[in-house]
Amino acid sequence: MKSIFVGNLPWSATNEELEQKFSEFGEVKSARIINDKMTGKSKGFGFVDMDDDAAQKAIAALSGAKWGDRELTCNEARPKEDRPRKDSGRDRY
DNA sequence: GTTGAGCGTT
């Protein structure tokens, strides 16, 4: 399974729509759109978890695809380990 | 109620 970074999403985009659009290219394990204004600012992007080959196909297919009037940006998401949100490595120090 | 370059929450 690989994580796909989907950007340039419309403000009206939903997780279900993203999942549906990606599910037609492969099995979507999970799809979430980060669009939270309360906790911070508008994200406007989402993340889709799919199989490796499915993710590649989805990226190649939806990369540059148009969501209504906007062009989608699909790329492989960065490892979450690169962005420690919680105490990663509590046994240290 | 708004905005638009980017990499995430339960």
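Just so it is clear, the values below take in all heavy atoms, side chains as well, and ignore hydrogens, waters and symmetry mates. Please read all numbers here as calculations on a predicted model, not as lab measurements.
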Round to a whole Å and report the spacing from [atom1] of [X] to [atom2] of [N].
| X | N | atom1 | atom2 | value |
| --- | --- | --- | --- | --- |
| A:Phe45 | B:dC7 | CZ | C1' | 5 Å |
| A:Asp36 | B:dT3 | CG | P | 18 Å |
| A:Phe5 | B:dG6 | CZ | C1' | 5 Å |
| A:Glu71 | B:dA5 | CD | C1' | 14 Å |
| A:Asn75 | B:dA5 | CG | P | 16 Å |
| A:Arg78 | B:dC7 | CZ | P | 5 Å |
| A:Arg70 | B:dT3 | CZ | P | 10 Å |
| A:Leu72 | B:dA5 | CG | C1' | 15 Å |

inquiry  = Side-chain heavy atoms nearer than 4.5 Å, only ILVMFWY residues, links allowed to pass through others: does that put A:Phe45 and A:Val6 together?
reply    = no

Should A:Trp67 and A:Phe25 be counted in the same cluster of Ile, Leu, Val, Met, Phe, Trp and Tyr side chains packed under 4.5 Å apart?
yes

Assigned chi class of B:dG6 under the 90° convention is syn

Tell me what A:Leu9 touches on the nucleic acid: a base, only sugar-phosphate, or nothing, going by heavy atoms under 4.0 Å.
base

- Query: By centroid distance (under 5.5 Å) and plane angle (under 30°), are A:Phe47 and B:dC7 in a stacked arrangement?
  - Reply: no

Item checked: Under 3.5 Å donor-acceptor, A:Glu17 side chain and A:Thr14 backbone -> yes

Against the side chain of A:Ser42, the closest entry in B:dG4, B:dG6, B:dT3 is B:dT3

On DNA chain B, more 5' by nearest nucleotide between A:Gly44 and A:Glu76 is A:Gly44

Between A:Pro10 and A:Ala77, whichever has its closest DNA chain B nucleotide further toward 5' is A:Pro10

- Query: Do NZ/NE/NH1/NH2 and the carboxylate oxygens of A:Lys29 and A:Glu27 come within less than 4.0 Å?
  - Reply: yes

Q. Can A:Leu9 and A:Ile33 be said to form a side chain to side chain contact (heavy atoms under 4.5 Å, CB included), step by step?
A. CA-CA 9 Å; A:Leu9 294 175; A:Ile33 296 182; 4.2 Å; yes

